[in-house]
Amino acid sequence: MRAGLMRDLGLGLIGLVLLLALPALFPHPSLRDFLIYVIAYGLLAMSLNLLVGLTGLVSFGHAAYFASGAYVFGLLMQGGAVSIPVAMLAAVGGTALLALVIGAICVRLKEIYFSFITLAFQMFIHSIILTWVDLTGGDQGLRGGIPRPPFLGIDLGDAGTLYAFCAVVFVACLLVMRQVWQSPFGYTLRMIRDNPARANFLGVDVVRMKLGVFVLAGTMASVAGIIMALFVSGAFPEFGFWTTSGEAIFMIMLGGTQVFLGPVIGAFLLQLLNHYVTIWTHHHGLVLGIVILAIVLGLRRGVADYAMAWLADRRAAAAPPATPAKAAAPAETKAAG
Amino acid sequence: MNLDVLAGCVATASCFVTQVSTGLIVGMLLFLVASGLSLIFGVLGVVNFAHGVFYMLGAYFAFAAYEATGSFVLALLAGAAGAGLVGIVFERFFMSRVYGKDLLMQLLVCYAAILICDDLVKIVFGADYKLMGMPEAFATAPVEVLGGFIPGYYIFMVGMALGIGAVLWLGINRTRLGKIIRALAINPQMVGALGINTRLLYAGVFGMGCVLAGTAGALAAPVRTLTPGMGLSVLIESFIVTVIGGMGSIPGALVAAILIGLTRAFGAIGFPLFTDGLMFALMGLVLILRPSGLLGARTA
Amino acid sequence: MSNGANVTGRRVLLGGAAAGAAMLAMPRIAGAQAKVIRVGMPTILSGRVAILGTSSRAAVQYAFGRINEAGGLGGRTLQLVERDSKGRPDEAAKVTRDLINNDGCEIIIDGEASSGGFAVHEVVRDLPVLCIHTNSETSSLTADPKLHVKTAFRCARQGIHDAVAGGVYASGISKQRGLKRWMTCSPDYAYGRDNTAEFLEFAKMYDPAIEVVDQVWPRLFAPDYTENITKALQVKPQAMYSALWGGDLVSFIEQSNLYRLFPNVALFSSSLGDPPVLTAIKQLPAGLHTAYRYNRNYPEKPANTAFADGFTALAKHEPTNWAWQNYVAAQFIAEALKRTNGRTEGAALAAELKGMQISSGLAVEEKLTLRDTDHTLIGYPTAWGRTVPKAPFVEDFAPIPWSQILEMETQWKKQKGYA
């Protein structure tokens, strides 16, 4: 375990250095903007994958926590009483509480019913944001920008600093999720995904385990929301609309559910696609729809999952010639569900 | 809350008649869309997230046919048949490839269908507002019943929806084909083993669900604005109806749709704050207390 | 498997990122030397309100096309680069930054609806290019000094102006005909609620006899309004105000027709006077009252008719309210560029635009003004008219004097703490 932790830390550090080096190598503001987008949505997708890929809980309402993080953070900063780190902690803590309350109800339901109730809660929160105009600004969002006063000598008003700050937070969150992914808790969750009855039989408190990962996922989503609010200097009801959840699900599917960093790859690919398709055509729905169909019906899994299976396939074919290569067919990678 | 006014309305024949008819008008179109959703889920076990698309296509096909021929009957047929045909193509070439896969795959195929169809409609018909126009036969003053008023077209619309619902119910419960479809929902392998072409049946049932949505769209075309993306709000409402009524239960969809319609009609009089948020709260409550819905047979 | 996966995943990610970086960082021709001045437009081109974006785009294209055909501005031509935000404010922010940072756009015409407009406003605070908001009617965007951005302007109607005009017009009719019992039916979101409250405030101020007997709030983009219509049948108001707009308004009018609501209730609508709404309604009742949104016959000027014809030839439908606002914004930009001799720095253009007046077919008097104090458009048509079943659909426009609107606006600003 310790060796694994050290390696993860090392890899995380390398990743962070690379993330920080990229804008230095290509000093162009749009690259920075682009990467912040990938970071925010990548984190959202990663957090959702704790539920979908790891535990087999298909949540349709994950954007609720993204929005809650953004709104609590934005409101606290507009209030002007607290510094950025305090507001971030409060937003994360508040969202954890929200996820605990909602999760306590939702995790008792199974399969499609779980999906629907998470959707119902999300739409409920969305309609609260829309109707509580005095607090949230309704459909117009938090107006007037979110102030970014310097703290500890860090000035997030500077675009470069803001990017570096987001990158550090992002890598830190990935490391936390990585530890969960590799921990005994993570393996218990996989067991719940694959065979809940067996887990229950072995004395695992399935509901508590599910609730735990639900709260963790919500918390991580709120960090993504905070990053987005910092970047666009505002919070909008669309953050909590079902389309945002849908996009996160698509990122997971595009990247892959079973490879740890799959969702980030998905977020990256989708943002890249979105970026160029929006530039070259006004029929982006048509193009995006066809790409989705091609991936779902062609690859039948995420890009990273596909690559992993392909690699495993090749290794199996290369190593022992005794066993037929077809045995290690891609079907090995179990789809979530 | 304004319960005095509500009580006053229930006690007055004219108000009561108008509001009950309002509930049915709102509810019955919702029922048509939701029953298609429920039928597909009940038999195929998949959630057709693209169901709103077929409502939209039904409306646009009816609009195009009405513009071309001026015949309302042809417009209705075009809406229903067009949506059904597109539904069968969608099922055969796309949906059927993700049966038995996880929910996410189905969700994504439907998401892609929504994106593609919304854009195609925008390309073909343009982004501006369209309305089919009221057929001559219905351009009459509203009918007076016990002092309340009901427009002629709405009487026709509710009648059509009820008729279709009745035919659907009879078809499933009283015919041989219905028996096979019910068997298909329970044990598709056995049905296949008996020499019945289950693929064809699946496509047929999916197409039937889309016909229901398309008919609702065609019936709505004279009174509701046509825009690309119009299926979305109807999709969300019909989801709520389906979940409350019970996924897979057509009588459940009827009860829930009328319930929502009446709540909205009388809610407008008595408790005007009954908003969307409360609809979702109601859906959540049903899911918590009785995940299988009011009339659903399956338990979660 | 997970360890290997981790490493591979990261490799793929970084490789991709590098490729993306290389693509994004492709050199662009620096704006100053370019022959073409690129103007960026974030707007909504898909979904239910796609017509907002498509008609805004067509109007700017029409304006730029005419300027370029006439030889451009000192040899430089104007080019519109539009992007679809899909109606998402965060996407609007990102697209706007991209247009400025990546596509070499030196000016932004913000064609977003109000929430996206606020997001673009914040981007312009960060990246101070010239920005003209063309579709946001929310008063606070320019009226609230806390939100002020030095290089941002609004070339669109403003809620408070419409509210005063509506109040003056409606109170005139209500006094004349004794319309005392009023009901409202407006969409349930911030714009709908604010707009309705402001209208009622001024209507009641000018005619204290007005009494609001009921208010209903259908949800935005609701397909069906029957329960609201039958509610009106029960309440039996003499007049009704509605801030419904676009496709929602089309549905509402047509569904009300089935109940023969309007011969008995006088409708005052904030948005009925928009040509695409009027043409979509199959049976437009006569005598409904509506605020001016756009009309080829008003203001009665050849320049206005020429715009209507030119736009229609390009877009294949009559101009929308959004269309004239964007057309006028393009005219202001062209004039500002002329005065700076083609310099595109935000501060330089903003200095010219402050208080700028241009002659326009859309001015009620002679000129349209971008007011220097709060960077917003005045002098545009705020008249109200009555519907007739056939084209031009709205007639008898009754102008409301701008002096009266401005006086009330000043009071309103004081009351809000804006001035």
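In this text, all values refer to a predicted model and were calculated from it rather than measured experimentally. Below, each value reflects all heavy atoms present in this structure, side chains not excepted, and no hydrogens, waters or symmetry copies. Proteins get letters first, then strands, A, B, ... in listed order; numbering begins at 1 in each.
Heavy-atom pairs under 4.5 Å with chain C were tallied for B:Lys122, B:Met134, B:Gln19, B:Met132; the largest tally goes to B:Gln19. For chain C, the option among B:Gly261, B:Gly152, B:Ala127 with the highest count of heavy-atom pairs below 4.5 Å is B:Ala127. Of all the listed residues (C:Pro223, C:Ala222, C:Pro276), the one sharing the greatest number of non-hydrogen pairs under 4.5 Å with chain B is C:Pro223. Interface summary for chain C: among B:Ala141, B:Gly229, B:Cys15, the most heavy-atom pairs under 4.5 angstrom belong to B:Cys15.
Closest approach of B:Val223 and C:Gln255 over heavy atoms only: O-NE2, 2.8 Å. Residues C:Lys282 and B:Leu131 approach most closely at CE-O, 2.8 Å, considering heavy atoms. The two residues B:Arg264 and C:Asp224 come nearest to each other via the heavy atoms NH2-O, 3.9 Å. When all heavy atoms are compared, the tightest approach of C:Tyr259 to B:Phe149 is CE2-O, 3.5 Å. Of all non-hydrogen atoms in C:Ala280 and B:Tyr129, the two that sit nearest each other are CB-O, 3.7 Å.
The contact between B:Thr225 and chain C is made by backbone and side chain atoms together, counting heavy-atom distances below 4.5 Å. Of the atoms belonging to B:Thr12, not a single heavy atom falls under 4.5 Å from chain C. Using a 4.5 Å cut-off between heavy atoms, C:Val49 makes no contact with chain B at all. For C:Leu233, the part lying under 4.5 angstrom from a heavy atom of chain B is the side chain only. Both the backbone and the side chain of B:Asp128 come within contact range of chain C, with heavy atoms under 4.5 Å apart. Only the side chain of B:Tyr154 comes within less than 4.5 Å of a heavy atom in chain C; its backbone stays farther off. For C:Ser46, the parts lying near chain B are the backbone and the side chain together; criterion is any non-hydrogen pair under 4.5 Å.
Between the CZ atom in B:Arg224 and the CG atom in C:Asp248 there is a gap of 12.0 Å [rounded to 0.5 Å]. With values rounded to the nearest 0.5 angstrom, C:Ile229 atom CD1 is found 12.5 Å from B:Thr18 atom OG1.
Donor-acceptor pairing under 3.5 Å is lacking for the side chains of B:Thr22 and C:Thr226.
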